[in-house]
Each structure stands twice: as structure tokens, then as C-alpha cells.
Amino acid sequence: MTGAFHNARFLLLALIMCLIAGNSGLAQNSKSNAGEEPFVADYYYKAKWGYADEFIRLFKKNHYPVLRKQMETGRILSVTAAKPRYHATEDGRWDYRVTIVFKNMAAASDQASEEPIIKQLFPDQETYRREEQRRFEILLAHWDVPVVGVDLTK
């Protein structure tokens with residue numbers, strides 16, 4: 001459950017970004033290597049009140065090692081995380097933002113490479129699945145935002 005819905009949403013966003021990139025590529029032939037540019041996505045997590053610490057503990061224990069392993073393989077270039085210094089209004093509140101820079105759009109779409117890593121890193125798959133389920137149970141919201149840089153000098 002944790003991966004299927006998340007992966008489907010991410011792949012849909014990636015497809016939309018591909019279509020947008022493809023259309024802009026037709027207008028700008030100078031960007032012929034756009035598919036090889038890094039693909040950046042921000043992942044926002046909003047936990048139930050009082051559960052943000054448990055969420056990040058489980059994230060660090062179970063998901064971050066998978067991301068680090070993918071950095072070793074070259075699929076991911078970097079992973080950073082942030083949290084707001086102060087609280088926002090409830091409707092605009094988020095507890096953690098994780099930014100992942102993938103090698104390119106194709107690498108971002110390659111979810112199949114995660115499963116062997118998960119099996120290698122977590123031999124006790126039952127505990128891993130239970131903790132990952134718990135990580136998502138304590139969330140009120142989670143959204144993924146593919147982002148592009150804006151050149152402010154042009």
C-alpha cells in the first residue's frame with residue numbers, strides 16, 4: 001500500500017512533466033538533452049499532531065537507507081530534508097520536505113530498482129513492511145512536487 005499509490009501518483013506527475021518537457025523541446029531545439037538533465041522533486045509530509053518525530057525516525061530507519069543506496073548506484077544525485085522553523089496554519093502546515101535530485105527523468109521513473117535494495121537492506125521484511133505502513137498511517141497528507149529551476153538573470 002505504501003508504494004503502489006505513491007508510485008502511481010509520482011509516475012503520473014513524471015508523465016505530465018515529460019509531456020511538458022517534450023512540448024517545450026519542440027519549441028526550443030537547443031534543449032535536446034533535456035531528458036538527461038537532473039530531475040528534482042520535493043516530497044512534503046504532514047503528520048498527525050504529535051507524530052512528526054515518529055515519522056522522521058521511521059523515515060531515517062527504513063527509507064533513507066534505500067535512498068542512500070540509490071545514491072551509490074547513481075540513480076539519485078542527492079537527498080536533503082528540511083522542516084519549518086515555526087508552525088504555519090493547519091491548512092498550509094507540513095512537517096518535513098525531502099528533496100531528491102534524480103540523475104534524470106528516466107531514473108526518477110525507475111521504481112523497479114528499489115525492491116532488490118529493500119530486500120538486501122531489510123532481511124526482516126515483515127518488520128520493514130509493518131514500520132513502513134506505520135510511517136504512512138501517521139500521515140495526514142503527503143504530496144510530491146516535481147520542480148524546475150528558474151533563472152532569475154534572464
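All values reported here derive from a predicted model rather than from experimental measurement. Just so you know, these numbers use all the heavy atoms, side chains as well, and skip hydrogens, waters and symmetry mates.
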If you link I, L, V, M, F, W and Y whenever their side-chain heavy atoms are under 4.5 Å apart, who else ends up in the same group as Y86?
none
side-chain contact (heavy atoms from CB on, under 4.5 Å) evaluation trace for D42 with D144
CA-CA 6 Å; D42 286 336; D144 309 335; over 6 Å; no
Looking only at the aromatic ring of each residue, does the gap between the centers of W49 and H87 stay below 6.0 angstrom?
yes
Shared ILVMFWY cluster between V98 and F39, side chains joined below 4.5 angstrom?
yes
Within the 4.5 Å heavy-atom criterion, are F59 and L67 side-chain neighbours or not?
yes
Not counting sequence neighbours, which residues clear ring pair (Phe, Tyr, Trp, His ring centres under 6.0 Å) with Y96? List them please.
none
Could you list the residues that satisfy side chain to side chain contact (heavy atoms under 4.5 Å, CB included) with K48, not counting sequence neighbours?
Y51, L140
With sequence neighbours left out, write down each residue that passes salt bridge (charged side-chain N to carboxylate O under 4.0 Å, His left out) with K83, or none if nothing qualifies.
none
Any pair counted as salt bridge (Lys or Arg N to Asp or Glu O under 4.0 Å), so long as it reaches residues 93-102, sequence neighbours left out:
E90-R93, R93-D95
Taking the basic N atoms (NZ, or NE/NH1/NH2) and the acidic carboxylate oxygens, is any pair closer than 4.0 Å for K103 and E37?
no
In this structure, which one of R135, E131, R129 forms a side-chain hydrogen bond (donor to acceptor under 3.5 Å, both in side chains) with N62?
E131
Would you call the rings of Y45 and F55 parallel, tilted or perpendicular, taking 30° and 60° as the class edges?
tilted
Does R68 reach the side chain of V79, with side-chain heavy atoms less than 4.5 Å apart?
no
Residues forming a side-chain hydrogen bond (donor to acceptor under 3.5 Å, both in side chains) with D53, sequence neighbours excluded:
none
Going by salt bridge (Lys or Arg N to Asp or Glu O under 4.0 Å), name the pairs with one or both residues in residues 115-126, residues two or more places apart or in two chains.
none
Please list, chain by chain and in numerical order, all residues satisfying side-chain hydrogen bond (donor to acceptor under 3.5 Å, both in side chains) with E137, sequence neighbours excluded.
Q133
Can you find a pair of side-chain heavy atoms, one from K69 and one from E114, that are under 4.5 Å apart?
no
I'd like a table of donor-acceptor pairs (distance under 3.5 Å, sequence neighbours excluded) in which one partner is a side-chain atom from residues 147-154, with atom names and distances.
{"residue": "D151", "atom": "OD1", "partner": "T153", "partner atom": "N", "Å": "2.8"}
{"residue": "D151", "atom": "OD1", "partner": "T153", "partner atom": "OG1", "Å": "2.5"}
{"residue": "D151", "atom": "OD2", "partner": "T153", "partner atom": "OG1", "Å": "3.4"}

Could you list the residues that satisfy ring pair (Phe, Tyr, Trp, His ring centres under 6.0 Å) with Y64, not counting sequence neighbours?
none
W94 side chain near P84 side chain, heavy-atom distance below 4.5 Å
yes
Is any side-chain heavy atom of L139 closer than 4.5 Å to a side-chain heavy atom of K46?
no
Do you reckon F102 sits in the same ILVMFWY cluster as M105, going by side-chain contacts under 4.5 Å, direct or chained?
yes
Correct closest heavy-atom pair for D110 and S113 would be O-OG, 3.3 Å
Would F136 and H142 count as a close aromatic pair, with their ring centres under 6.0 Å?
yes
So which residues get pulled into Y128's cluster when ILVMFWY side chains under 4.5 Å apart are joined, directly or through others?
V66, I117, I118, L121, F122
Which residues share a side-chain hydrogen bond (donor to acceptor under 3.5 Å, both in side chains) with T73, sequence neighbours left out
none
